[in-house]
2 protein chains.
Amino acid sequence: MVTIYDIAKQANVSAMTVSKVINNTGKISEKTRARVKKIMEEMNYVPNSMARSLVLQETKMLSLLIPDITNPFFTTLARGAEDAAMRLGYKLLFGNSDESLTKEKEYVDMILSTRVDGVLFSAASDLSEPHLQTLRKHRIPFVLLDREVPGVESDAVTGNSREGARKLVEHLVGLGHRRIALVNGSLSVSTARDRLDGYKDALKLNDIPFDESLAFESSYKHFEDEGMLRRMLELPDPPTAVFAGNNFLAVGLIRKLLELGVKVPDRMSVVCFDDLGASVIDPFFTVASQPAYQFGAMGIQLLVDRIKGATTPEWKKLVLPSELIVRGSSGRPPA
Amino acid sequence: MVTIYDIAKQANVSAMTVSKVINNTGKISEKTRARVKKIMEEMNYVPNSMARSLVLQETKMLSLLIPDITNPFFTTLARGAEDAAMRLGYKLLFGNSDESLTKEKEYVDMILSTRVDGVLFSAASDLSEPHLQTLRKHRIPFVLLDREVPGVESDAVTGNSREGARKLVEHLVGLGHRRIALVNGSLSVSTARDRLDGYKDALKLNDIPFDESLAFESSYKHFEDEGMLRRMLELPDPPTAVFAGNNFLAVGLIRKLLELGVKVPDRMSVVCFDDLGASVIDPFFTVASQPAYQFGAMGIQLLVDRIKGATTPEWKKLVLPSELIVRGSSGRPPA
DNA sequence: AAAATTAAGTTTACCGATAACCCCAACATA
DNA sequence: TATGTTGGGGTTATCGGTAAACTTAATTTT
């Protein structure tokens, strides 16, 4: 590989002069500058960013840790982060924890040894807390994305899960539903708790008692059934609508419902959080849509501000609104 | 940040001894080893991988460049690559070129300055050739993924697009279709050309003449219509089936068809390459399914073999089969 | 008992870049 | 004439680690 010393030799100058040409610093005559530049071109010189990072103590790399790379919400978020990072002159090191704490830990170790300048962190669950403490201990700035983690103070970009959930459920109530089930992600994830709260809010506002036998906990990754659905349908007073904690849960749920011959929305309405991405033929789901791209873009912005110290010491909390989009999966309850 | 020198001082040994403990090399007594390890723990030491890379001349990082991060085919491929890379002790630097040559070039520059050990490259188009030549010039090993690039010899993992296309079209012929349209990606992408060839193969095998007015060129990113569909339907002898070059084209196509009131598969059958991922409620498309995860995993394997010189000099070409999966989007032509 | 090994570390140089400081001639100023 | 000042560049030390060669005392071999 060509180094500044090779260039320096060819150009009959010192390595420092070459460095100055590269960085446009110091006093170099136009003649020398041009000569050095020409030689750099000819020799296909590319600066070694590791050597530079070592002395500058910054890598110009950020890391993005997401819990599910197959979920369109997170891939869209990733695009937003990537675009913003590139625009601000940073590279982005992706990590996909697959909602697994073990994998997440491996990524945190990697992040530390890579000396990235900051991390965009979408936690696998509340149990990610030690990982975040590790980052904090090593003074690596981070911004939480989508999910807050109890016991961890930091900058964060989240959605308004509680309000979004309330709007979805109130939409169902407005259609005439009174028996509304909740199929949620794991309650060890903050958004799942918020969505549960929003669900309860909506019930309370409409004088519907909270019925525990209608509230289920599954996983955001996929709908873990284990007969839950059948039990739900066999209830003395079964639900006429379901609020699914996220897009994948809704998909899994509907698949099962179809299998069981339960038509949506005729016999059962289904609403959920988050859109389903570009690969859907017929946007069918009534959703609380979140601006996923913005999550990523704003997250990077906050992170870079923090890295550069271009912000006040208080933690910045950005809450992005979700939008209720009514489509075909929700309708009036059967008579 | 804690360095080996800090550790060395605490442990009353030289930095080299610490280095040897870390790498399990050289001769160090069990006593010293234990003491140094304990101190590393206590001080939360994490090796600086840049410093190490600088002297070892290897980064243990690979780069994966894909053209569309929103497409489930590529995200699944990415997961395969990520898992394999981590298993082999490599980090993965993702890049999303968005099918844009400009972005792709930016990533290539980044790759060079980051000194990654190798690149998994899914080219935006044939015009990516100069980018690959740049990598070659700098002796960065790469493996082409999914798409070949004319004028570039290299290791590659591809699908059998020609055969997959033939199978899909023969399936349509078997159902009784004779007027079969092709809505393809840009012909500057190798898979699109192969799929066109496979389409022609199937026609020829069944004595159906190739009709140019039924072959359209769009983009793999999304269905660019511009009245193409209307023209197609208004043909004197309109098609009864369409073979779409990939999943996104099929989705775009079906959306338009639904808008125009053309029922699938009743009035029009649609088949395509590649599955649609986990966010689909009801697997509906008849597809040639490719083992996307394997593309990534095998690609990494090939790449690492090449990096380590654990392979013969000839270029390895891995062709992964595609599987015809018949579902609801294809049926008999209308009577 | 002398020579040869070996165990356990240490010293030195280097990877490729940059910051901070130094140098010297040419010109301007008092 | 003596003294700044400035343009254009060079020297040296350093970032955090590792390879290779070197040291020294203890142990083994002959």
Side-chain angles (χ1 to χ4, degrees), chain A residues 1-37 39-40 43-61 109-117 138-140, chain B residues 1-37 39-40 43-61 109-117 138-140:
Chain A
M1 275 287 182
V2 181
T3 73
I4 53 169
Y5 297 94
D6 303 324
I7 306 291
K9 193 173 293 176
Q10 283 294 313
N12 256 312
V13 292
S14 74
M16 200 57 227
T17 302
V18 177
S19 174
K20 283 174 181 163
V21 168
I22 293 168
N23 297 293
N24 261 308
T25 57
K27 296 162 188 174
I28 306 292
S29 73
E30 266 319 308
K31 235 178 301 174
T32 322
R33 185 178 300 279
R35 184 156 43 93
V36 169
K37 276 194 172 168
I39 293 176
M40 292 198 311
M43 300 184 72
N44 296 309
Y45 171 75
V46 180
N48 183 326
S49 65
M50 282 173 320
R52 175 183 268 152
S53 297
L54 195 55
V55 60
L56 292 184
Q57 301 284 51
E58 64 164 14
T59 54
K60 286 286 178 186
M61 279 203 226
D109 289 345
M110 183 197 96
I111 281 166
L112 291 177
S113 84
T114 311
R115 302 294 200 265
V116 299
D117 296 341
H138 288 271
R139 301 170 179 275
I140 312 235
Chain B
M1 275 286 183
V2 181
T3 73
I4 52 169
Y5 296 94
D6 302 323
I7 306 290
K9 193 173 295 176
Q10 283 294 313
N12 257 311
V13 292
S14 74
M16 200 55 226
T17 302
V18 178
S19 173
K20 282 176 179 160
V21 169
I22 293 168
N23 296 295
N24 260 310
T25 58
K27 296 162 186 173
I28 306 291
S29 73
E30 266 317 311
K31 236 179 301 175
T32 323
R33 185 178 298 280
R35 184 157 42 93
V36 169
K37 276 195 173 168
I39 294 176
M40 292 199 310
M43 300 184 72
N44 297 307
Y45 171 75
V46 180
N48 183 326
S49 65
M50 282 172 320
R52 173 182 269 152
S53 296
L54 195 55
V55 60
L56 292 184
Q57 300 284 53
E58 65 165 12
T59 54
K60 286 287 179 183
M61 277 202 228
D109 289 345
M110 183 197 96
I111 281 166
L112 292 177
S113 84
T114 310
R115 302 293 201 266
V116 299
D117 296 340
H138 288 271
R139 304 174 176 274
I140 313 239

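Chain identifiers are assigned alphabetically (A, B, ...) following the order of the sequence lines, protein sequences preceding nucleic acid strands; residue numbering begins at 1 within each chain. Just so it is clear, the structure is predicted and the values come from calculations on it, not from any experiment.
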### Task
Rounded to the nearest 0.5 Å, what's the gap from CD1 on B:Ile7 to CG on B:Asn12? Could you check?
13.0 Å
#### Entry: B:Leu54 and A:Asn48, any side-chain heavy atoms less than 4.5 Å apart
yes
### Query
Considering the terminal five base pairs at each end of the helix from C:dA1-D:dT30 to C:dA30-D:dT1, what angle separates the two local helix axes, rounded to 10°?
50°
### Message
Any heavy-atom pair between the side chains of A:Met1 and A:Val46 that's under 4.5 Å?
### Response
no
### Query
Got B:Tyr45 and B:Val18 here, is their nearest side-chain heavy-atom distance under 4.5 Å?
no
### Task
Give the rounded distance in Å between these two atoms: CE of A:Met40 and P of C:dA17.
11 Å
### Query
Distance check: side-chain N/O of B:Thr32 vs OP1/OP2 of C:dA8, anything under 4.0 Å?
no
### Message
With nearest nucleotide decided by heavy atoms, which residue, A:Ser49 or B:Glu30, maps closer to the 5′ end of DNA chain C?
### Response
B:Glu30
### Task
Would you confirm whether A:Arg35, through its side chain, and A:Ala11, through its main-chain N or O, come within 3.5 Å as a donor-acceptor pair?
yes
### Task
Check whether any side-chain nitrogen or oxygen of B:Ser29 sits under 4.0 Å from OP1 or OP2 of C:dG9, and answer yes or no.
yes
### Query
Is there a donor-acceptor contact under 3.5 Å from the side chain of B:Thr3 to the main chain of B:Tyr5?
yes
### Query
Would you say B:Ile22 and B:Arg52 make side-chain contact, with heavy atoms under 4.5 Å?
yes
### Message
So, does A:Ser53 get its side chain near the phosphate of C:dA17, meaning an N or O under 4.0 Å from OP1 or OP2?
### Response
no
### Query
Does A:Lys27 put a side-chain nitrogen or oxygen below 4.0 Å from OP1 or OP2 of D:dG8?
no
### Message
Output one letter per nucleotide in nucleotides 13-27 of chain D: B when a protein non-hydrogen atom lies under 4.0 Å from the base, S when only the sugar-phosphate is that close, - when neither is.
### Response
--BBBBBB-------
### Query
Quick one: does A:Ser113's side chain have a donor or acceptor within less than 3.5 Å of a partner on B:Ser49's backbone?
no
